[in-house]
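Contents: one structure, followed by commentary.
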Amino acid sequence: MPGFPDDMPFFDEPAPPPRSGSSDRAPSGIAARAMAARQASAPDYLAGLNPEQRLAVETTEGPVLVLAGAGTGKTRVLTTRIAHILATGRAFPSQILAVTFTNKAAREMKQRVGMLVGEAVEGMPWLGTFHSIGVKMLRRHAELAGLKSGFTILDTDDVVRLIKQLIQAEGLDDKRWPARQFAMMIDGWKNKGLGPSEIPEGDARSFANGKGRQLYQAYQDRLKTLNACDFGDLLCHPIRIFRAYPDVLQEYHRRFKYILVDEYQDTNTAQYMWLRLLAQRPQGEGDWRSSAEGRKPDRASAGQAAPAEGQPPQAAMRPVSENRVNICCVGDDDQSIYGWRGAEVDNILRFDKDFPGATIIRLERNYRSTAHILGAASHLIAHNEGRLGKTLFTEKIEADDAKVHVHAAWDSEEEARAVGETIEQAQREKHNLNDMAILVRASFQMREFEDRFVTLGLNYRVIGGPRFYERQEIRDALAYFRVVAQGADDLAFERIVNVPKRGLGEAAIRQVHDTSRALRIPMLEAAEKLAESDELKPKPRAALREVAANFARWQAALDHTPHTELAETILEESGYTDMWKNDRSAEAPGRLENLKELIRSMEEYESLRSFLEHVALVMDAEQQENLDAVNIMTLHSAKGLEFETVFLPGWEEGLFPHQRSLDEGGRSGLEEERRLAYVGLTRAKKNLHIWFVSNRRIHGLWQSTIPSRFLDELPEAHVEVDEGGSSYGGYGSSYGGGSFASGRGGRQNPYGASRFDNLGAGGSGTGGAGGSTSGGGAFSNTYATPGWQRAQQNRTEATDRNWGSRSGHAVERIGYGETDSGYGAGRGSVKGRTIDGELVAKSVSATPSPFTVGDRVFHQKFGNGNVVAIDGNKLTIDFDKAGQKRVLDGFVQGG
DNA sequence: ACATGTGCCGTTTTT
DNA sequence: CGGCACATGT
């Protein structure tokens with residue numbers, strides 16, 4: 001391997017020269033000096049760190065796991081640690097490998113290290129995301145993976161289109177075997193680092209009549225001929241190269257003296273393997289792998305919150321031993337929320353086994369939230385098993401800190417209304433909207449808030465919406481650029497060959513395709529050839545000739561034309577901009593604007609190629625921060641953020657925890673949901689408002705819902721249940737008086753105790769509704785009792801029916817088996833219609849609804865009305881006050 | 001080529 | 001129910 005171009009450090013601190021030759025570590029003299037210096041007078045970057053943080057920064061040698069709870073200064077530790085390594089001359093910037101998951105995190109880290117150390121970080125070439133570092137490596141050794149260095153990185157859309165072609169080429173039915181699904185399977189395999197020959201037989205057989213493996217192989221072959229790779233390959237190729245070419249791996253071993261990993265709990269198996277390979281020291285395996293067992297995290301399986309007992313005084317600096325790997329992973333097992341996309345919490349749970357003798361440091365001192373919020377979060381997360389155990393605490397406890405508020409609302413509309421009011425109230429008290437966030441479980445929940453805020457005229461911003469690069473016009477433009485940069489990029493070529501319309505229909509494109517396959521040349525070349533031959537009709541032939549000529553010209557200009565200029569030329573000459581200029585639709589001007597923005601953003605890059613790389617890897621678009629607006633986002637995208645006031649709506653069984661997580665993930669699925677709840681709670685600095693509603697529209701039908709079990713897992717001492725209800729108008733009051741206070745209409749939780757069961761959902765304000773029996777009075781510790789346990793079990797079953805998974809058939813909600821608690825109070829009780837898969841699907845048509853057209857009925861949400869139509873168990877009812885709605889018969893009672 | 005029709009699906013998302 | 005992807009018809 002040629003030497004690395006950026007090998008020469010350009011770090012001009014008073015650092016010692018690099019250790020010559022073999023040693024990978026700093027001479028112990030430096031460490032000693034650093035220690036001495038620390039005792040005398042610590043460098044100012046260490047000032048202000050608490051003892052645990054400082055330990056995490058100064059334990060530079062050997063494997064270290066920093067368990068950093070939410071808001072405990074994780075990023076600070078990471079950046080200070082880098083600064084410390086640099087400042088004490090342990091390594092040059094180019095000798096530190098620092099990996100993050102997101103570009104945002106990488107950017108922030110770069111910036112903060114820069115602030116600590118000065119400009120010298122410019123020279124940290126190996127600080128970046130797993131993927132960006134992966135590409136960097138792969139570009140260097142592309143030929144070892146059968147690629148050329150200029151390879152294209154395909155995005156998900158390209159991948160799906162490609163797979164679809166392959167499925168069709170196999171003569172398979174692409175409806176029966178959806179490309180998207182296979183793309184997901186491949187992604188899953190790559191997350192585990194599995195190549196076509198390594199996937200489990202079962203997986204291989206389960207797709208495409210047992211052709212899964214073959215298809216996967218065909219896909220990889222196709223990528224190779226396209227000189228392209230997908231995201232998974234950015235790690236899988238390097239892994240394979242490291243294994244097959246030890247000399248290459250060794251280069252990296254020599255290079256990286258320190259490895260740092262952010263958000264370790266989110267690593268997947270491939271990332272883990274990649275790290276392991278880089279962290280392994282072949283000659284020194286013996287030392288760190290078999291050394292006497294280090295301290296083990298004995299507080300694992302903390303069923304009960306572990307008290308914040310003082311940390312065992314860990315040695316500030318371990319003796320430097322020859323072959324220990326200086327890898328430092330930072331993460332929080334309690335915030336692992338990406339299991340569904342391949343993250344293995346187990347990686348972090350196993351750390352001390354993978355790296356025996358690892359130092360484990362817990363950061364539990366929280367600087368973000370009030371004691372009430374932390375108390376609630378800690379208590380909730382303590383319900384998880386299999387955690388390393390960690391309890392956040394804070395030292396600043398104010399007497400007037402607010403407890404965590406739990407509110408009930410009648411339905412999601414009222415929920416949005418009430419949250420809106422709380423926000424407006426806060427705004428009147430001079431709080432910034434920027435400091436408030438609504439964190440939802442699923443994005444469909446956002447709409448209701450948006451609608452409400454639009455009518456209120458309240459500014460809001462949605463974080464994590466559709467992205468810039470995903471827009472049609474951007475992707476089209478990029479496709480042009482890709483073909484220019486890499487003529488073999490057939491996917492890009494196909495995308496734009498007839499955009500704008502050039503009269504190249506299906507037939508013509510097929511022809512190009514076939515030629516390309518037959519001659520084994522890229523489609524662009526095939527097009528060129530076809531344009532010369534007379535196999536095509538004159539019209540498409542001329543069109544192809546022009547396209548080919550255009551690309552030839554642009555490609556020729558690539559090296560001697562400024563890339564922004566070239567980009568503009570391409571879009572002009574291809575007729576792409578004209579296409580939108582002539583478009584009369586409402587979006588057209590915006591699209592043109594986006595294209596301008598695209599060109600503008602290219603200026604920051606050296607070349608078209610480096611720009612394309614950036615686009616492939618970086619998806620975030622800048623948000624306008626200057627506007628004061630309420631933030632709306634999913635819980636997932638809230639990780640890592642903090643807000644003064646946080647609203648957590650939708651805490652209902654089925655939505656949160658999400659039914660699908662429960663169905664597919666079982667116990668671990670539930671635990672991940674709980675961690676998600678924990679993430680949500682710990683985003684709040686001062687005020688936290690949790691909401692649940694009694695009625696939510698699911699797939700177009702109103703369903704009654706049950707408070708989330710997570711509510712019951714909050715500690716009474718830190719929670720205040722809002723009994724006031726909000727001002728809710730509508731029909732609520734008209735019937736609030738009675739019916740369901742006694743548990744009618746499905747409001748009652750038939751399997752027992754939840755202290756929220758009778759909390760007046762919106763109606764409590766009006767006296768009887770929801771039962772003033774309820775609220776605070778019913779607030780008791782129900783968890784941990786046998787009854788509660790039982791309830792949990794029943795609850796799962798019942799909510800299954802509530803949210804019904806599609807595989808089972810229709811969304812159902814027909815009584816609760818034996819425990820029929822008064823749904824069908826009036827006529828035709830639905831009792832006993834215990835449903836079960838197949839049977840119900842039939843029963844929908846076979847079993848007529850207990851109601852008939854014209855019946856007078858009562859519904860919890862809409863009040864009284866007349867049945868006007870019946871479709872199986874779905875009733876269309878003309879309500880007196882609410883108009884016409886469709887509801888399930890289980891929700892109404894005969895009037 | 002564009003328009004309307006049909007069927008399916010419905011959590012979370014980065015790179 | 002509503003949005004999207006695909007399919008068929010003019």
Side-chain angles (χ1 to χ4, degrees), chain A residues 99-106 128-135 153-157 159-161 164 174-175 178-181 184 187 190-191 229-236 263 266-268 270-271 336-343 439-447 463-467 469-470 498 500-506 613-620 633-640 650 654-665 669 672-673 675-677 679-680 696-703 803-807 811 871 874 876 884-888:
Chain A
V99 255
T100 63
F101 273 84
T102 63
N103 293 295
K104 195 173 156 216
T129 62
F130 276 100
H131 294 270
S132 67
I133 291 171
V135 200
I153 301 161
L154 302 183
D155 63 37
T156 326
D157 261 41
V159 169
V160 171
R161 275 188 299 147
K164 190 164 183 176
D174 64 318
K175 304 216 91 160
R180 197 157 278 288
Q181 191 191 330
M184 280 167 59
D187 199 52
K190 290 191 176 177
N191 283 159
C229 65
D230 61 23
F231 279 112
D233 286 339
L234 298 181
L235 284 173
C236 289
E263 305 278 20
D266 287 338
T267 49
N268 62 34
Q271 286 155 344
S336 162
I337 54 174
Y338 286 110
W340 52 273
R341 65 177 199 211
L439 312 182
V440 298
R441 173 65 242 261
S443 40
F444 74 81
Q445 293 173 264
M446 292 180 181
R447 228 193 66 193
I463 299 199
R467 308 209 178 119
Y469 86 105
E470 279 171 347
N498 198 32
K501 302 259 184 279
R502 302 183 171 97
L504 290 164
E506 205 184 334
E613 176 127 327
H614 163 84
V615 175
L617 294 174
V618 176
M619 349 279 271
D620 25 72
M633 69 193 90
T634 63
L635 286 161
H636 282 93
S637 40
K639 190 163 78 140
L655 177 58
F656 194 36
H658 200 282
Q659 191 56 49
R660 203 141 154 180
S661 300
L662 265 29
D663 289 346
E664 288 163 21
E672 183 156 310
E673 293 287 298
R675 291 193 290 267
L676 198 50
V679 166
R696 196 173 283 281
R697 227 165 78 156
I698 296 151
H699 305 331
L701 294 169
W702 282 99
Q703 302 216 189
W803 281 69
S805 33
R806 184 150 305 256
S807 51
V811 176
D871 170 20
K874 294 174 193 115
T876 303
Q884 229 176 58
K885 307 275 178 192
R886 269 162 64 90
V887 296
L888 288 178

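Throughout, protein chains are lettered first and strands after them, A, B, ... in sequence-line order, and every chain is numbered starting at 1.
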Whether A:Phe101 stacks on the six-membered ring of B:dT15 base, 5.5 Å and 30° limits: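 Here A:Phe101 fails the 5.5 Å or the 30° condition.
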Closest to side chain of [X], choosing from [options]:
X: A:Lys164; options: C:dC6, B:dT13, B:dT15; value: C:dC6
X: A:Thr102; options: B:dT13, B:dT15, B:dT12; value: B:dT15
X: A:Arg697; options: B:dT15, C:dG2, C:dC6; value: C:dG2
X: A:Arg341; options: B:dT12, B:dT13, B:dT15; value: B:dT13
X: A:Trp340; options: B:dT15, B:dT12, B:dA1; value: B:dT12

In whole angstrom, what separates [X]'s [atom1] from [N]'s [atom2]?
X: A:His699; N: C:dC4; atom1: NE2; atom2: C1'; answer: 16 Å
X: A:Leu662; N: B:dT12; atom1: CG; atom2: P; answer: 16 Å
X: A:Gln181; N: B:dC9; atom1: CD; atom2: P; answer: 10 Å
X: A:Met633; N: B:dT13; atom1: CE; atom2: P; answer: 11 Å
X: A:Arg696; N: B:dG10; atom1: CZ; atom2: P; answer: 19 Å
X: A:Asp266; N: B:dT15; atom1: CG; atom2: P; answer: 12 Å
X: A:Asp663; N: B:dG10; atom1: CG; atom2: P; answer: 12 Å
X: A:Leu635; N: B:dT12; atom1: CG; atom2: P; answer: 11 Å

Most 5' of A:Thr129 and A:Leu676 on DNA chain B, judged by nearest nucleotide: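 Residue closer to the 5' terminus by nearest nucleotide: A:Leu676.
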Return no unless some side-chain N or O of [X] is found under 4.0 Å from OP1 or OP2 of [N].
X: A:Arg660; N: B:dG10; answer: yes
X: A:Lys175; N: B:dT6; answer: no
X: A:Ser132; N: B:dT15; answer: no

How far does [atom1] of [X] sit from [atom2] of [Y], to the nearest 0.5 angstrom?
X: A:Asp266; Y: A:Phe130; atom1: CG; atom2: CZ; value: 9.5 Å
X: A:Asn103; Y: A:Leu617; atom1: CG; atom2: CG; value: 7.0 Å
X: A:Leu662; Y: A:Glu672; atom1: CG; atom2: CD; value: 12.0 Å
X: A:Ile337; Y: A:His636; atom1: CD1; atom2: NE2; value: 4.5 Å
X: A:Lys104; Y: A:Thr129; atom1: NZ; atom2: OG1; value: 14.5 Å

Separation of the P atoms in B:dT12 and C:dA5, to the nearest angstrom: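 To the nearest whole Å, 16 Å.
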Touch class at under 4.0 angstrom, heavy-atom based, for A:Lys639 against every strand present: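 Counting heavy atoms under 4.0 Å across all strands, no contact is made by A:Lys639.
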